[in-house]
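All values derive from a computational prediction rather than experimental measurement.
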Amino acid sequence: MVPGVDFVVVATDDTRIAEEVRRFGGAAIMTAESCANGTERCAAAIAQMADPPTIIVNFQGDAPLMPAYVVSSLIERLRDDPAIAVATPALRCTPSLYRHLREDERAGRVGGTTVVCDAWSKALYFSKRTLPFLPENWRGGDECPALLHLGAYAYRPASLADYAAWPPCLLEQAEGLEQLRFLHNGVGIAVIECDVPDWEVVELNNPSDVPVVEAMLRRRGLD
């Protein structure tokens with residue numbers, strides 16, 4: 001069990017997933033197929049709870065390699081600061097990771113989502129472009145200003161209800177990034193910079209990612 005997590009609920013629109021979760025003793029909530037993203041699905045699930053939790057973590061099914069301490073850090077941040085409505089994690093890019101992101105970008109691939117923050121670690125913007133721009137001859141030496149966003153979120157129930165009530169914004173639709181709806185409507189997102197784990201945090205976005213993720217899970221003893 002991840003420290004700080006009291007219970008886990010799987011929110012899905014697929015009865016096969018819900019039945020499998022219940023078969024092994026888990027809890028599942030059915031949500032509408034019309035949910036456009038994980039945040040809308042969390043909002044739909046919370047709306048069905050008579051006594052919703054005070055902090056909700058959106059741990060998405062495409063991120064099985066997400067370190068447990070990332071989830072704990074999000075929960076701790078919201079518990080420590082009642083003014084924060086939404087929090088999300090990021091990793092500081094190494095020079096080699098930054099160059100890898102730029103190479104993917106030049107090849108027309110999305111290597112990851114980056115985020116830039118203000119002096120208070122609040123998100124200024126998220127993008128599938130590699131932000132910020134660094135000159136081609138940059139080879140490190142100073143701390144890299146680029147942060148790789150990890151797709152997990154912690155919210156309060158009120159922020160989820162607000163999100164579900166707002167229409168999708170233009171930037172959210174253009175980038176394909178759900179969190180931009182919060183920024184568009186003036187809700188700050190706290191960015192928690194986490195330690196880089198001993199393994200690569202690969203998300204399961206394409207069929208070709210399956211053997212890579214399975215191999216990493218095996219190396220970690222999680223068959």
[X] side-chain N/O to [Y] backbone N/O, donor-acceptor pair under 3.5 Å:
X	Y	answer
R92	C144	yes
E175	K128	yes
E178	T39	yes
R77	A87	no

Membership question, hydrophobic clusters at under 4.5 Å side-chain separation (ILVMFWY): are [Y] and [X] in the same one?
X	Y	value
V5	V70	yes
F126	W120	no
I75	Y69	yes
L78	I192	no
V10	F59	no

Is the shortest heavy-atom distance from the side chain of [X] to the side chain of [Y] under 4.5 Å?
X	Y	result
C93	L101	yes
L74	P89	yes
Y155	I46	no
R181	E40	yes
Q179	V115	no
N37	Y163	yes
T54	R156	no

What's the separation between atom [atom1] in [X] and atom [atom2] in [Y], rounded to the nearest 0.5 Å?
X	Y	atom1	atom2	value
E76	I55	CD	CD1	10.5 Å
T114	R129	OG1	CZ	10.5 Å
L180	I189	CG	CD1	7.5 Å
D80	S73	CG	OG	10.5 Å
T130	Y98	OG1	OH	6.0 Å
L147	C194	CG	SG	10.5 Å

Practice task
Could you tell me whether R16 atom CZ has more than 12 heavy atoms of other residues or ligands within 6.0 Å of it?
Solution key: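 For R16, atom CZ is not crowded (no more than 12 foreign heavy atoms under 6.0 Å).
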Handout entry: Neighbour count >12 (heavy atoms, 6.0 Å) for atom CZ, R102
Key = yes
Problem - Verdict with reasoning, D162 to V187, per side chain to side chain contact (heavy atoms under 4.5 Å, CB included) - result: CA-CA 10 Å; D162 289 340; V187 176; 5.8 Å; no
Heavy-atom closest contact ([X] atom, [Y] atom, distance):
X	Y	answer
L131	A146	O-CB, 3.6 Å
T88	A152	OG1-O, 2.6 Å
A45	T31	N-CG2, 3.9 Å
A123	L183	O-CD2, 3.9 Å
L148	G112	CD1-CA, 4.1 Å
V8	A27	O-CB, 3.9 Å

Practice task
Classify the angle between the aromatic ring planes of F182 and W166 as parallel (below 30°), tilted (30 to 60°) or perpendicular (above 60°).
Solution key: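 Perpendicular: the ring planes of F182 and W166 meet at over 60°.
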Practice task
Look at the aromatic rings of H149 and Y153 and report parallel, tilted or perpendicular, splitting at 30° and 60°.
Solution key: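 Aromatic pair H149/Y153 classed tilted.
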Exercise for the section: Give the C-alpha distance, both sets of side-chain angles, the deciding distance and a yes or no for side chain to side chain contact (heavy atoms under 4.5 Å, CB included) between C117 and L124. Expected result: CA-CA 5 Å; C117 302; L124 293 170; 5.6 Å; no
Exercise for the section: Would you please test V191 and K122 for side chain to side chain contact (heavy atoms under 4.5 Å, CB included) and show each step? Expected result: CA-CA 6 Å; V191 176; K122 293 290 186 67; over 6 Å; no
Exercise for the section: Please report the C-alpha distance between E20 and R23 in whole Å, then the side-chain angles of each, then the deciding distance to 0.1 Å, and finally whether the salt bridge (Lys or Arg N to Asp or Glu O under 4.0 Å) criterion is met. Expected result: CA-CA 5 Å; E20 177 61 20; R23 185 192 64 78; 2.6 Å; yes
Handout entry: Candidate pair D81 and I84, rule side chain to side chain contact (heavy atoms under 4.5 Å, CB included), full reasoning
Key = CA-CA 6 Å; D81 189 346; I84 293 176; 3.7 Å; yes
